[in-house]
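Being a predicted model, the structure only gives us computed values, none of them experimental. Numbered from 1 within each chain, the chains take letters A, B, ... in sequence-line order.
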Amino acid sequence: MSTAATADASSSGDTTEGSVRLLTLQSEDGEVFEVKETIATQSVTIKGMVDDDCATSTIPVCNVTGRTLAMVIEWWNKHEIGAVSNEKELKEWESQFDTIDDKSDRDDVYDLLMAANYLNIPTLLDCCTSAVAEAIKGKSTDEMREFFDIKSDFDEKEEDALRKENQWAFEN
Amino acid sequence: MPKLPEEIVVDILSRLPVKTLMRFKCVCKPWLSLISSPHFAKIKLKQARAAAPHINTRLFLASRPLQSIDYEAFSDGGGGDHDVSQEHAYPVTKAPEWDVQILGSCDGLICLVFDYNHVILWNPSTRVSIELPPPDIPDLQDTFFCGFGYDISIHDYKLIMGVSFVATEDAKVQVLTLKDTCWRKIQPVDHSVDNIYKMGTLSNNALHWLGSQEFNSSIISFDLSGERFEELGIPDHLAKEHCVVNLGTMGESLVIFCDPGRTHFESWVMIEYGVKSSWTRLFTVSGDTFPRYKYGPTLICFTKQGKVVLYIDESEWILYSPEEETFMEFVIKDDWGQFESVVYEESLVSPNGQ
């Protein structure tokens, strides 16, 4: 399948670097990135486009800003072989989000999560959800509401009863 | 953080420890219903098994008080500051007078008998328990065999109990399915269950007991869906002279622990389930390795690094490294002496069988 796509690419004016084909991605805010096909196909969505021969011209990546797309590409480069990240690598990646309480880091993770979801990048999604889980596991219910921007829909009585029922989970 | 799509929120929550999730039930109503749902319990179990099965397992001890050990943390050298053992409150109102018996463990649920008549199905991670009707077995103090597992064909848990002694012509076997909590009798086809005792080992959707015929060891399996007893072959030289000490599992695979010739211990794993020729030796340990102990060890479980938890002298728990041929002792608080144990996973699965 990929042979057909490569042959087709030369006729449609797509760039190639050696034998590796380059794909052109355009972010929501108009930034353009050239990425090796072998790397970009870590995205199931992009791989589908390549397989269906729909990746011959610029691929618009709606909903993802240039800043986030650059982070995604950095992730792709780190995982070029396409192998699932090992534990050490995961820890390294997670350490970026050690200060996830910081609003700008939180925004980064949010943007990455949304991009990983939109582009369907299982390894990145796995990594980001793990990082968020790690960051929130010790949090209180109030901190959780703040973190995920959730309004409690319990009335006071309901919440008290529920808390009583699971009192042990609130103790250290 | 702005609103995330629901599937991402579910993914994140499925990675959290059970205790955290019990707390997060109070965040909002949608989270309460998500975390309480059997569907989410399944997602969480699957996630835990795929991502880090070793983080999720503990060894439950029917000691006084009840407790569980994080044997993986102990194996990783977490014996210092980190509390590797945790006490559990009794899932019955009154502290039991007699030994607590373990009937089985599956998907984070443990089935116990208190004072020989209260059959309790309990999730130690969520602390939720229910009492089940006792089986129609004359006296639970007598020798019986038992087991607990999941029947994938009817999507329900099954508890099995039976009486086994050589003198009995028709061994009585009873099965309880969790959704209707009713016991019904089943008839084993031959005398295969005449000599099996205690808790069955769960592997490949079947329970397994160590059986014996004349002087030979055998494995009797009970297929949880088909409800049939069958014999599983073990290597001929290990079947002789009651050389199998006990059964265990490594991952999903069935393992036997033997003392051939009474000079050393060997552990064998059945690589391909049901295939006699696939039994492969895992490790050998000389009987002299544990000189301080009078009685030989039984196999309890394996850690992710291939170390082995052994129960020795009917009172001590040790972590043995076949690679380094060294062992460490667990320090376990107990007022009773002998007690049973079983490995369980931390899960949200409800004993209410919804």
Side chain / backbone / both / neither for A:Glu158 at chain B, heavy atoms under 4.5 Å: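 Only the side chain of A:Glu158 comes within 4.5 Å of chain B.
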Salt-bridge present (A:Asp160, A:Lys164; N to O < 4.0 Å):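 No, this pair does not count.
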Region of B:Leu21 in contact with chain A, defined by heavy-atom distances below 4.5 Å: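 For B:Leu21, neither part sits under 4.5 Å from chain A.
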Portion of B:Ser14 that has a non-hydrogen atom of chain A nearer than 4.5 angstrom: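 Contact with chain A involves no heavy atom of B:Ser14 at all.
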When A:Asn166, A:Thr129, A:Thr141, A:Leu162 are compared by non-hydrogen pairs under 4.5 Å with chain B, the top option: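 Option with the greatest count: A:Thr129.
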Aromatic ring proximity, centroids under 6.0 angstrom, B:Trp317 and B:Phe339: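 Yes, close enough.
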Heavy-atom pair count under 4.5 Å with chain A, highest-scoring of B:Lys19, B:Lys25, B:Met22: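 Option with the top pair count is B:Lys19.
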Donor-acceptor pair between B:His88 and B:Gln67 side chains, under 3.5 angstrom: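 No, no side-chain donor-acceptor pair sits under 3.5 Å.
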Side chains of B:Asn123 and B:Tyr344, donor plus acceptor under 3.5 Å: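 No, because no side-chain N or O of B:Asn123 sits under 3.5 Å from a partner of the opposite role on B:Tyr344.
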With A:Glu143 via side chain to side chain contact (heavy atoms under 4.5 Å, CB included) - residues at least two apart: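 Only A:Lys139, A:Ser140 meet the side chain to side chain contact (heavy atoms under 4.5 Å, CB included) criterion with A:Glu143.
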